[in-house]
Peer 1: 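Starting off with a structure, shown below.
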Amino acid sequence: MTSSPPSPADRVCPLVKRESLGGAYALLTFEHAGVAGASAGQFAMIQPEAQGDLLLRRPFSIMDTDPSTSRFTIFLKAVGPGSKAVFDLREGDNARVLGPLGRGFTAPAPGERAFLVGGGYGVAPFALFSRGLREAGSAFHLFYGGRSASELPLVGELERRGIPLTLSTDDGTRGERGRVTVPLMDALSLVPGTPRLYACGPEPMMRAVAEISSEKRLACEVSLDPWMGCGLGTCLGCVVKIQDEGEPRPKNRPACTEGPVFDARRVVWEKHS
Amino acid sequence: MTSSPPSPADRVCPLVKRESLGGAYALLTFEHAGVAGASAGQFAMIQPEAQGDLLLRRPFSIMDTDPSTSRFTIFLKAVGPGSKAVFDLREGDNARVLGPLGRGFTAPAPGERAFLVGGGYGVAPFALFSRGLREAGSAFHLFYGGRSASELPLVGELERRGIPLTLSTDDGTRGERGRVTVPLMDALSLVPGTPRLYACGPEPMMRAVAEISSEKRLACEVSLDPWMGCGLGTCLGCVVKIQDEGEPRPKNRPACTEGPVFDARRVVWEKHS
Amino acid sequence: MTAPSLGVEIGSLKLRNPLLAASGTCGYGVEIAHVVDLATLGGIVTKGLYMAARDGCEAPRIAETPAGLLNAIGLQGVGIRAFVDRVLPRLREHDTAVIVNVCGETVEEYAEVARIASDAPGVHALEINISCPNVKTGGIAFGTDPLMTRDVVGAVRKASALPVIPKLSPNVTDITVFARACEEAGADAISCVNTFLGLAIDVETRKPRLAFGTGGLSGPAIRPLAVRMTWQAARAVKIPIIGIGGIASASDALEFFIAGASAVQVGTMNFSRPNIYAEIESGLVDYLTRHHIGSIRDLVGTIRYPR
Amino acid sequence: MTAPSLGVEIGSLKLRNPLLAASGTCGYGVEIAHVVDLATLGGIVTKGLYMAARDGCEAPRIAETPAGLLNAIGLQGVGIRAFVDRVLPRLREHDTAVIVNVCGETVEEYAEVARIASDAPGVHALEINISCPNVKTGGIAFGTDPLMTRDVVGAVRKASALPVIPKLSPNVTDITVFARACEEAGADAISCVNTFLGLAIDVETRKPRLAFGTGGLSGPAIRPLAVRMTWQAARAVKIPIIGIGGIASASDALEFFIAGASAVQVGTMNFSRPNIYAEIESGLVDYLTRHHIGSIRDLVGTIRYPR
Ligand SMILES: Cc1cc2nc3c(=O)[nH]c(=O)nc-3n(C[C@H](O)[C@H](O)[C@H](O)COP(=O)(O)OP(=O)(O)OC[C@H]3O[C@@H](n4cnc5c(N)ncnc54)[C@H](O)[C@@H]3O)c2cc1C
Ligand SMILES: Cc1cc2nc3c(=O)[nH]c(=O)nc-3n(C[C@H](O)[C@H](O)[C@H](O)COP(=O)(O)OP(=O)(O)OC[C@H]3O[C@@H](n4cnc5c(N)ncnc54)[C@H](O)[C@@H]3O)c2cc1C
Ligand SMILES: Cc1cc2nc3c(=O)[nH]c(=O)nc-3n(C[C@H](O)[C@H](O)[C@H](O)COP(=O)(O)O)c2cc1C
Ligand SMILES: Cc1cc2nc3c(=O)[nH]c(=O)nc-3n(C[C@H](O)[C@H](O)[C@H](O)COP(=O)(O)O)c2cc1C
Ligand code: FES
Ligand code: FES
């Protein structure tokens with residue numbers, strides 16, 4: 001996962017497998033040689049080939065890849081018309097897929113421990129990231145939180161992969177009761193050294209993890225989630241406020257090309273809400 | 001079929017049966033109690049419930065009805081986006097159906113013979129009309145023409161119903177070679193009395209039949225085929241030029257409420273092309 | 001909590017709910033009465049009426065465009081006297097407000113049509129069509145010149161004691177100029193907006209898809225433009241605004257109320273969804289209930305702008 | 001028959017084909033070069049450039065509407081000098097015409113940006129953006145006043161020997177007034193049109209869906225309006241028109257050529273269909289072949305109007 005990612009390709013490609021995870025959740029596997037070479041934290045812009053009345057594609061993180069069969073999988077939650085259109089694809093239907101796009105997660109240094117914090121569809125990239133961490137021999141642990149048991153639809157998939165996992169729910173219906181940051185803090189107090197934090201999920205969760213990282217002076221990456229129009233850096237619709245050292249003011253930066261993964265210290269949160 | 005038709009109803013109703021007739025042709029059966037009471041020559045405005053990017057419904061003639069099961073069938077040719085969207089419905093999908101609409105064919109007087117001339121999707125209403133004619137004990141014959149054998153997709157269905165039928169194709173690949181008016185003229189020279197003519201199909205065909213009727217002083221009805229926006233008489237998009245006796249000039253009349261079937265003598269053809 | 005109230009007032013015109021069927025999309029009301037329960041509407045606006053009957057444009061008159069409809073009907077109609085004598089009596093049988101869409105080729109004709117309509121029992125308000133793009137004289141010519149707008153509105157104002165509601169054209173640089181001209185000329189409210197001038201070409205024949213050539217664009221495609229104009233007009237004048245343009249759901253209608261409309265009209269969607277009113281009405285009730293708003297009137301113009 | 005020719009000339013600017021990527025929808029060209037073969041385009045129009053770098057509007061900046069896109073980016077950009085020094089050298093490696101979209105808050109700034117762009121090797125023409133609806137000073141204010149239009153175009157004309165192509169705002173009553181003002185001020189061609197001012201509201205928060213408030217509407221929704229304006233402008237002036245607005249297919253592009261455009265730009269569709277150019281190009285070739293037309297130039301303005 002440290003090799004430089006392939007340059008993105010825009011292809012019409014078939015949905016080869018669709019697995020419902022109940023409710024608005026599903027796993028969708030497409031055949032697309034380019035995206036099948038994605039690294040963790042990268043995403044693809046996807047829309048059905050039969051476009052309907054929506055103009056723009058929608059961004060989805062790569063949850064898994066299989067370069068040998070040229071396939072990749074996304075973990076999708078249907079929330080509005082664009083994600084619903086992808087959700088409604090049937091096996092054999094074609095989609096327009098552009099990817100892989102964006103800058104993914106930075107691998108931890110050798111010997112460095114990785115703590116992954118995911119919620120909602122934001123847990124998706126950590127499936128792929130875990131594979132790389134395991135291959136690289138890095139110690140890691142995934143904290144997966146949701147409001148209640150029904151909002152942890154990827155648990156089965158993650159367990160099947162043998163990913164070291166701590167679950168939590170706000171209402172205690174599964175795993176520990178409370179925010180995902182509670183077990184994270186517990187773990188931080190237990191492990192030696194300075195683990196790296198990686199967060200992807202609802203903004204309040206990412207902010208909370210970023211705050212913990214800044215208090216504890218831990219390296220932390222967050223994967224931001226703005227509205228995206230193109231994925232190519234051309235529409236400038238996806239900008240996020242980034243404060244770089246030496247700059248007098250934060251600047252609007254396209255998350256699709258400079259992110260979606262950013263060093264948490266650079267992110268100016270106020271402006272995103 | 002002489003009883004006054006039910007007032008139209010606007011319903012979301014399921015496609016209960018879909019039979020492909022090859023190429024762009026299909027028979028679609030919907031469940032809609034109102035339209036199942038239609039008389040021959042009436043039509044319904046139909047669009048998929050999942051509307052996609054099209055605003056307006058499209059008009060389709062009622063090919064068959066079964067009041068006992070509240071079903072009706074249309075014979076559809078996919079020619080553009082609106083008809084394609086209906087063509088693409090799968091069994092169980094819902095459609096918005098408004099009907100029955102318009103004024104259908106006038107039954108022949110007792111003892112009067114009926115010659116029906118159909119082409120393209122215009123042959124559809126004659127299936128339902130034939131049933132009524134047979135029930136009323138009227139003598140009738142259907143002339144069904146197309147460019148070639150592949151453009152007579154309803155033949156099987158019509159034969160199954162035992163409808164007295166003469167086929168013709170421009171290229172002679174099925175039935176008599178030549179325009180549908182050739183066998184019609186032959187028949188007219190054979191039968192005694194003054195049969196009534198009914199035509200529904202491409203405009204040149206209807207004009208030719210109308211001309212024959214005027215030369216031979218036969219009563220003739222044609223079912224016009226303008227672009228329709230509403231089917232209710234409100235958009236005034238479907239007007240056709242109608243010349244009424246005593247009027248100084250032809251007038252624009254909505255075909256959806258005053259037609260689609262008109263006495264051929266009233267129709268001013270020049271303006272439609 | 002009691003059910004939220006949907007009643008609104010446009011000048012002296014009281015509407016049971018703020019949902020009107022737009023001119024030219026519901027005929028004279030009677031055409032749709034067998035399909036739509038007219039009592040579910042606040043009112044209907046008739047197809048445009050001149051003094052004389054008119055035969056309108058040649059066909060084809062309508063064409064679909066992406067999320068839009070282009071039309072050039074050309075104000076086909078029976079004329080105001082035939083409407084009053086032959087149509088209105090049937091329309092009066094239904095429990096809905098009747099707004100007559102008044103047309104003219106001259107200021108005098110507008111005033112005369114307005115007078116006849118006002119004298120007829122069962123007409124509740126007048127909408128002045130100074131914005132039809134599909135006629136060669138009158139129509140949009142009045143609605144794109146502020147002085148002519150003022151003159152027509154003033155003349156109709158004098159001719160009628162009913163609420164007078166000019167209908168603005170969106171084909172202008174600054175709609176507030178026209179909104180103010182209407183207010184100064186004595187209008188009771190403003191309808192905002194009519195269709196946008198468009199052109200679609202059949203590339204195979206290289207002819208316009210409409211026989212008239214250009215046409216008026218309506219439907220969801222224009223909604224963001226109509227919402228913007230409604231918002232601008234509402235800030236420019238004190239009289240109520242009736243929002244129009246691309247409404248296809250309760251949420252769409254809510255955009256107009258929040259932008260500043262006191263009532264709305266549904267146009268193009270009447271063609272494919274004649275029974276949309278019940279759906280919009282229940283959507284409005286849901287929304288008001290969910291947001292603890294007692295009356296739709298309290299929502300009008302509550303846009304948080306700037307954010 | 002030999003393959004039909006797609007080459008066109010816009011003043012002294014020769015384009016291999018008449019398909020340009022519209023300003024603000026292809027970055028500075030280099031961003032898309034790894035996904036799109038720039039040699040399949042006639043040229044690209046850069047994102048708007050002022051003298052200084054700009055950070056643009058707050059997010060959210062884009063929202064989808066029916067068949068349309070509403071945007072308020074606010075002309076974020078690196079500034080003309082950084083473009084010339086740091087971006088242009090990379091862009092020059094690609095075989096495509098480069099048109100710089102020139103912005104300014106004052107007439108002087110437009111002229112200055114134009115001068116710097118003209119002096120840079122590898123800039124082939126200037127498009128003058130007097131029509132951006134998403135900035136507080138300049139932009140649309142210049143494009144909705146014929147005198148200011150004339151002054152800006154005149155100043156850029158003096159500052160540059162490159163083809164000068166003002167880009168008109170559609171938010172005006174009569175586009176021909178502006179087309180003529182441009183022609184008289186020495187423009188070589190006219191880009192027609194920029195986005196339509198719109199407003200979309202999030203009804204749950206009652207805030208505009210864009211942080212800036214209003215935005216510019218683009219995409220297939222506006223196509224019939226843009227075709228109409230292209231047709232009007234083409235009849236009003238002798239200089240070539242570049243048609244823009246909602247092009248998503250060869251057939252859409254053909255509408256603009258038939259209406260009178262000598263070239264076209266694709267905007268919004270670049271976002272979801274970056275490789276649309278090859279498809280449009282082959283569609284044009286098919287059409288010309290089928291209709292026995294030797295060159296796209298012979299199609300320009302051949303609308304049969306009146307029918
Ligand atoms: C880099 C990236 C990776 C993503 N990965 C995944 C993934 O793996 N699986 C997945 O299911 N989804 C993912 N998403 C989110 C997905 O793209 C959005 O859910 C989708 O764009 C929503 O579009 P829509 O038309 O369905 O809903 P809309 O109607 O556009 O939105 C529905 C609701 O969601 C909100 N919303 C829309 N887009 C976003 C957004 N990007 N962030 C926060 N709120 C939003 C809207 O404000 C609205 O309230 C990702 C987004 C980004 C930027
Ligand atoms: C009363 C009536 C009954 C009909 N019955 C049937 C039927 O039983 N089965 C059936 O398959 N079709 C029927 N049609 C025709 C059907 O409504 C049209 O094919 C359909 O509206 C085309 O819409 P579209 O979006 O698919 O194509 P569009 O893209 O709108 O049109 C495709 C092509 O067909 C032409 N066209 C569109 N509508 C018409 C029309 N009404 N007449 C002539 N040319 C047209 C267009 O100009 C274009 O060239 C009927 C039409 C009417 C008015
Ligand atoms: C077919 C058609 C006919 C119309 N006729 C009239 C008319 O006679 N008078 C008028 O003031 N507006 C007329 N309009 C404009 C509508 O009343 C309305 O202002 C416009 O369609 C925008 O609303 P919508 O997007 O909901 O359709 C017509 C619109 C259409 C589509
Ligand atoms: C996100 C976005 C940014 C744009 N930025 C600019 C710009 O910087 N300068 C400009 O002249 N036009 C700009 N435009 C307008 C487009 O160039 C084009 O005129 C408009 O989008 C209409 O074309 P379309 O419908 O094909 O998108 C922008 C449009 C969009 C959608
Ligand atoms: S999504 Fe378009 S610039 Fe990032
Ligand atoms: S289809 Fe609308 S009036 Fe006939």
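So that the names make sense, note that chain A is the first sequence line, chain B the second, and so on, each numbered from 1.
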Peer 1: Below 4.5 Å, heavy-atom pairs only: which of I303(C), D202(C), T230(C), L254(C) has the largest tally toward chain D?
Peer 2: I303(C)
Peer 1: Considering non-hydrogen atoms only, spot the tightest contact between F212(C) and Y305(D) and give its length.
Peer 2: O-OH, 3.5 Å
Peer 1: So for I175(C), is it side chain, backbone, both, or neither that comes closer than 4.5 Å to the heavy atoms of chain D?
Peer 2: neither
Peer 1: Which bit of E204(C) comes within less than 4.5 Å of chain D, counting heavy atoms only: side chain, backbone, both or neither?
Peer 2: both
Peer 1: Can you confirm whether F196(D) sits close enough to I222(C) that some side-chain heavy atom of one is under 4.5 Å from a side-chain heavy atom of the other?
Peer 2: no
Peer 1: What ring pair (Phe, Tyr, Trp, His ring centres under 6.0 Å) pairs are there with at least one residue in residues 250-269 of chain D, not counting sequence neighbours?
Peer 2: none
Peer 1: Of L70(C), L217(C), L199(C), which is the lone residue that meets side chain to side chain contact (heavy atoms under 4.5 Å, CB included) with R228(D)?
Peer 2: L199(C)
Peer 1: Quick one: CH2 on W231(D) to CD1 on I201(C), what's the gap to the nearest 0.5 Å?
Peer 2: 9.0 Å
Peer 1: Do you know which of A200(C), A248(C), G213(C), G246(C) has the most heavy-atom pairs under 4.5 Å to chain D?
Peer 2: G213(C)
Peer 1: Just by distance, do the side chain of R206(C) and the backbone of I258(D) share a donor-acceptor pair under 3.5 Å?
Peer 2: no
Peer 1: Identify which part of A259(C) has an atom lying under 4.5 Å from any heavy atom of chain D, answering side chain, backbone, both or neither.
Peer 2: both
Peer 1: Please state whether the side chain, the backbone, both or neither of R209(C) comes within less than 4.5 Å of a heavy atom of chain D.
Peer 2: backbone
Peer 1: Between the side chains of T173(D) and T144(C), is a donor N or O closer than 3.5 angstrom to an acceptor N or O?
Peer 2: no
Peer 1: Does any part of the side chain of L225(D), heavy atoms only, come nearer than 4.5 Å to the side chain of L197(C), both counted from C-beta?
Peer 2: no
Peer 1: For chain D, which candidate among P220(C), P208(C), A67(C) shows the most heavy-atom pairs at distances under 4.5 Å?
Peer 2: P208(C)
Peer 1: Which residue out of S251(C), A211(C), G68(C) racks up the most heavy-atom pairs below 4.5 Å with chain D?
Peer 2: A211(C)
Peer 1: Is T65(C) close to chain D through its backbone or its side chain, or both, or neither, when contacts mean heavy atoms under 4.5 Å?
Peer 2: side chain
Peer 1: Who wins among R223(C), H291(C), Q232(C) for the most heavy-atom pairs under 4.5 Å with chain D?
Peer 2: H291(C)
Peer 1: Are the side chain of Y287(C) and the backbone of V203(D) linked by a donor-acceptor contact shorter than 3.5 Å?
Peer 2: yes
Peer 1: Of the backbone (N, CA, C, O) and the side chain (C-beta and beyond), which part of L299(C) lies under 4.5 Å from a heavy atom of chain D, both, or neither?
Peer 2: side chain
